[in-house]
Enquirer: 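Got a structure for you, questions after.
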Amino acid sequence: MKKEVLRLDQVSILPYLRDINLEIYEGEIDALIGIDSLGLDYLIDTIQFNTPLHYGWVYYCNKKVNDYTEPSRIQNKIAVLEKNTTLIDSMTVAENLFVIRKGFKKSIVNYKILCQQTETVLLPIGLSLDPMQIVAELSPCEKWILELVKAWISGVKLVILRDISNLVTGQDLKRIYAALHTFAERKMSCLYICNHHQEAFEIGNRCFLMKQGRIIKCLEKAQMTDTVMAHYSYIFDDSISDKEREKLFQDSGHKRKEGFFCSMKDFTLSIGKGETVVILDDDNTIIPLLVNKLRNENPVPADLRIDGKRWHYGDSSSELIISRPTERMLFPQMSLLDNICFTLDKKLKYIWTTKKKREAIARDIYPIFGNNVYESSLYNIDTKTLYDIIYQRTLMQNPSFLCVVQPFASIDMYLRLHLLSYFDKFRERGMTICILSLSLSDSLQVADRMLIVKNGVIIKEYLRKDFHSYKGLSGSRPQ
């Protein structure tokens with residue numbers, strides 16, 4: 001008989017969570033997909049911190065820990081792993097595992113015993129680390145596995161992982177999955193939160209679908225198919241059909257003029273004019289080099305050409321959209337219209353001194369932004385509109401070459417499909433596009449080719465007609 005670790009019974013925190021029913025059993029790895037992002041933060045806080053409820057009950061390890069009539073406000077023994085780890089970078093691996101934890105009462109630390117204990121717990125999961133190594137020197141993957149080890153040592157029965165695939169390579173993700181299965185065998189449970197169904201299906205024993213603050217479906221393993229998933233997530237009025245999208249790729253594979261060329265160390269890349277290429281960087285070597293070159297930040301020597309002309313920093317024929325762009329490519333204290341116009345001064349002269357030009361732009365974009373176009377700042381603007389600002393700005397700039405870094409990282413399904421429609425528009429404009437990614441998400445839906453890069457070298461190329469043969473973890477694969 002299955003042993004229950006966590007149960008949420010009719011939990012409601014209006015307007016964010018509505019009648020949540022969720023059960024997680026001992027030793028299971030369950031996935032959760034936010035079809036939209038509403039309520040995810042509140043769900044995690046409720047599970048971990050027992051926040052006050054409007055209605056419902058929370059049970060952890062067969063004990064009632066939260067009740068809408070008497071909120072406990074006591075933190076449950078649950079670990080949450082996301083972008084920022086809880087490890088102390090300035091301390092060693094051994095110290096983080098055994099010293100910085102509840103229950104350690106010794107005044108004098110015996111480092112010989114500490115190192116032996118560290119090696120004892122790390123070796124069975126295949127993590128070879130020097131116990132005296134400073135944590136700041138570890139990779140994100142090693143830090144997360146170390147957090148899993150620390151959680152297990154501390155007696156944690158449930159660990160929550162959120163959006164980790166956007167921050168590590170495919171190889172590292174396999175290591176994390178292997179560690180999760182090891183701890184699942186030791187009866188530690190896991191709730192794996194991600195934004196793509198194929199990633200969830202790969203790891204989960206069951207998969208919860210969350211939409212508008214509700215758990216709308218719990219999929220068992222046999223139900224984890226694209227067909228079933230389409231019923232819950234891919235009905236969008238503003239997204240084009242697969243057949244319509246395929247019409248945009250009818251000339252895929254034909255010879256084109258060169259739209260972008262890059263030669264950097266041992267890496268050489270050529271993209272045809274109007275072509276979209278996804279680069280899956282297996283060990284994250286090329287992404288930082290190419291991004292730093294395009295941003296002119298400690299660039300390595302490289303030869304970049306756009307439409308046959310040598311590229312230089314500040315060239316208006318190119319545009320870079322970095323990962324999580326709403327955090328670093330917008331000015332929240334400026335108006336929405338000023339954020340839209342920010343990069344248009346090279347396309348439209350005197351845009352900042354001619355009020356009529358800005359008013360004309362406001363009229364053009366009003367059907368997209370509505371009354372938000374007159375907002376004096378971005379502080380009260382929703383996430384979808386913030387992405388619209390960035391992508392509409394790119395459409396108006398109309399660069400010859402567009403480089404996008406992990407465009408679908410940490411966004412919900414609705415927004416992901418919305419961004420796909422922008423890539424269709426970019427293609428219709430004839431832009432040459434390079435998508436840099438650690439995990440595929442939906443990148444393949446808009447790609448002509450996919451290149452697998454390892455150790456800074458292209459080791460494999462897939463044409464669009466061959467995408468289905470790629471056995472990667474996540475990503476839509478056109479047939």
Side-chain angles (χ1 to χ4, degrees), residues 5-8 11 13 16-18 20-25 27-49 51 58 60 76 78-86 140-141 143-145 147-148 151 156-168 172-173 176-177 179-181 183-184 188-221 224 229 232-233 323-324 383 406 408-416 438-442 473-475:
V5 173
L6 175 74
R7 175 157 60 95
L8 274 63
V11 167
I13 303 178
Y16 306 103
L17 299 177
R18 297 176 182 272
I20 293 286
N21 292 284
L22 182 147
E23 292 181 343
I24 296 176
Y25 298 104
E28 278 195 353
I29 302 174
D30 294 329
L32 186 146
I33 300 172
I35 296 175
D36 56 30
S37 57
L38 181 64
L40 269 177
D41 291 332
Y42 282 86
L43 178 64
I44 294 173
D45 286 347
T46 300
I47 293 173
Q48 188 177 19
F49 299 114
T51 53
V58 178
Y60 182 60
N76 295 324
I78 291 171
V80 179
L81 279 63
E82 43 192 349
K83 182 180 180 181
N84 298 317
T85 71
T86 60
C141 172
K143 287 182 180 180
W144 277 321
I145 295 178
E147 285 224 63
L148 289 173
V156 168
K157 297 297 182 182
L158 174 64
V159 61
I160 300 174
L161 283 78
R162 184 176 185 182
D163 290 335
I164 63 167
S165 65
N166 301 313
L167 304 167
V168 296
D172 288 342
L173 201 58
I176 294 172
Y177 285 179
L180 285 176
H181 285 295
F183 288 114
M188 187 169 78
S189 306
C190 172
L191 181 62
Y192 187 93
I193 300 175
C194 60
N195 63 8
H196 200 285
H197 66 285
Q198 289 180 348
E199 181 183 348
F201 291 175
E202 181 75 20
I203 187 68
N205 299 109
R206 295 179 298 153
C207 181
F208 300 100
L209 305 182
M210 187 171 174
K211 182 178 179 181
Q212 296 179 357
R214 297 176 182 268
I215 301 293
I216 61 171
K217 183 68 176 177
C218 175
L219 300 177
E220 299 295 335
K221 199 66 177 179
M224 295 184 190
M229 196 64 202
Y232 292 98
S233 62
S323 181
R324 303 173 189 263
T383 302
Q406 292 186 267
F408 308 109
S410 300
I411 60 176
D412 60 46
M413 284 191 166
Y414 282 120
L415 187 50
R416 197 165 68 236
L438 294 173
S439 60
L440 291 177
S441 292
D442 281 303
L473 286 171
S474 65

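For clarity, every value in this text was computed on a predicted model and none was experimentally measured.
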Enquirer: With distance as the sole test, does K83 use its side chain to make a donor-acceptor pair with the main-chain N or O of I164 at under 3.5 Å?
Expert: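 Between the backbone of I164 and the side chain of K83 there is no qualifying donor-acceptor contact (under 3.5 Å).
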
Enquirer: Tell me, please, which residues at least two apart from F208 pass ring pair (Phe, Tyr, Trp, His ring centres under 6.0 Å).
Expert: none

Enquirer: In Å and rounded to the nearest 0.5 Å, what is the CG to CG distance from D41 to L38?
Expert: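 CG of L38 is found 10.0 Å from CG of D41.
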
Enquirer: Restricting to salt bridge (charged side-chain N to carboxylate O under 4.0 Å, His left out), what partner residues turn up for R18, sequence neighbours left out?
Expert: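 Checked R18 against salt bridge (charged side-chain N to carboxylate O under 4.0 Å, His left out); zero matches.
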
Enquirer: Can you name the closest pair of heavy atoms from Y177 and E199 and give their distance?
Expert: OH-CG, 3.6 Å

Enquirer: Between CD1 of I24 and CD1 of I47, what distance do you get to the nearest 0.5 Å?
Expert: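 That separation rounds to 6.0 Å.
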
Enquirer: Go through the steps to decide whether L6 and V58 satisfy the test side chain to side chain contact (heavy atoms under 4.5 Å, CB included), and finish with yes or no.
Expert: CA-CA 8 Å; L6 175 74; V58 178; 4.2 Å; yes

Enquirer: Applying ring pair (Phe, Tyr, Trp, His ring centres under 6.0 Å), can you list everything that pairs with Y25, at least two apart in sequence or on another chain?
Expert: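 Testing Y25 for ring pair (Phe, Tyr, Trp, His ring centres under 6.0 Å), a comparison that skips the adjacent residues, returns none.
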
Enquirer: So how far is it from M210 CE to I215 CD1, rounded to the nearest 0.5 Å?
Expert: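 So the CE of M210 and the CD1 of I215 are separated by 5.5 Å.
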
Enquirer: Got a second to check how far M229's CE is from I33's CD1, nearest 0.5 Å?
Expert: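 Result: 4.0 Å between the selected atoms.
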
Enquirer: Applying side chain to side chain contact (heavy atoms under 4.5 Å, CB included), run through Y192 and L180 and close with a yes or a no.
Expert: CA-CA 10 Å; Y192 187 93; L180 285 176; 4.3 Å; yes

Enquirer: Measure the CG-CG distance between L32 and L191 for me, rounded to the nearest 0.5 Å.
Expert: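 One gets 5.5 Å once the value is rounded to the nearest 0.5 Å.
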
Enquirer: Could you give me the CA-CA distance, side-chain angles and deciding distance for E82 and D163, then say whether side chain to side chain contact (heavy atoms under 4.5 Å, CB included) is met?
Expert: CA-CA 7 Å; E82 43 192 349; D163 290 335; over 6 Å; no

Enquirer: Which residue pairs pass the side chain to side chain donor-acceptor pair (under 3.5 Å) test with at least one member in residues 205-218, sequence neighbours excluded?
Expert: E28-R206, D30-R206, K211-Y414

Enquirer: Run the salt bridge (charged side-chain N to carboxylate O under 4.0 Å, His left out) test against E147 and tell me which residues pass, sequence neighbours left out.
Expert: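 Counting only residues at least two positions away or on another chain, E147 forms no salt bridge (charged side-chain N to carboxylate O under 4.0 Å, His left out).
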
Enquirer: So, do L161 and C190 sit near enough that their side-chain heavy atoms are less than 4.5 Å apart?
Expert: yes

Enquirer: Side chains of R416 and N195: does their closest heavy-atom pair fall under 4.5 Å?
Expert: yes

Enquirer: Could you work out, with side chain to side chain contact (heavy atoms under 4.5 Å, CB included) as the rule, every residue matching D45, not counting sequence neighbours?
Expert: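 Partners of D45 under the side chain to side chain contact (heavy atoms under 4.5 Å, CB included) test: F49, T51.
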
Enquirer: Which atoms form the tightest heavy-atom contact between C141 and I176, and what is the distance?
Expert: SG-CG1, 4.0 Å

Enquirer: Which one of V156, L148, V159 satisfies the side chain to side chain contact (heavy atoms under 4.5 Å, CB included) criterion with F183?
Expert: L148

Enquirer: If you look at every heavy atom in Q198 and H196, which pair is closest and at what distance?
Expert: N-ND1, 3.2 Å

Enquirer: Which atom names give the shortest non-hydrogen contact between L173 and S165, and what distance separates them?
Expert: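 Heavy atoms only, the tightest pair is CD2-CB, 3.8 Å.
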
Enquirer: Keeping the roles fixed (side chain from K143, backbone from T86), state whether a donor-acceptor pair exists under 3.5 Å.
Expert: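 Checking the backbone N and O of T86 against the side chain of K143, no donor-acceptor pair under 3.5 Å is found.
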
Enquirer: Of all the heavy-atom pairs spanning I20 and G213, show the shortest one and how long it is.
Expert: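 Nearest heavy atoms, I20 then G213: CD1-O, 3.3 Å.
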
Enquirer: Give me the atom names and distance for the closest heavy-atom approach of D412 to I35.
Expert: CB-O, 3.4 Å

Enquirer: Start with the C-alpha gap between L17 and L8, add the side-chain angles, then the distance that decides, and say whether side chain to side chain contact (heavy atoms under 4.5 Å, CB included) holds.
Expert: CA-CA 11 Å; L17 299 177; L8 274 63; over 6 Å; no

Enquirer: If you measure from CZ on R324 to OG on S410, what distance do you get to the nearest 0.5 Å?
Expert: 3.5 Å

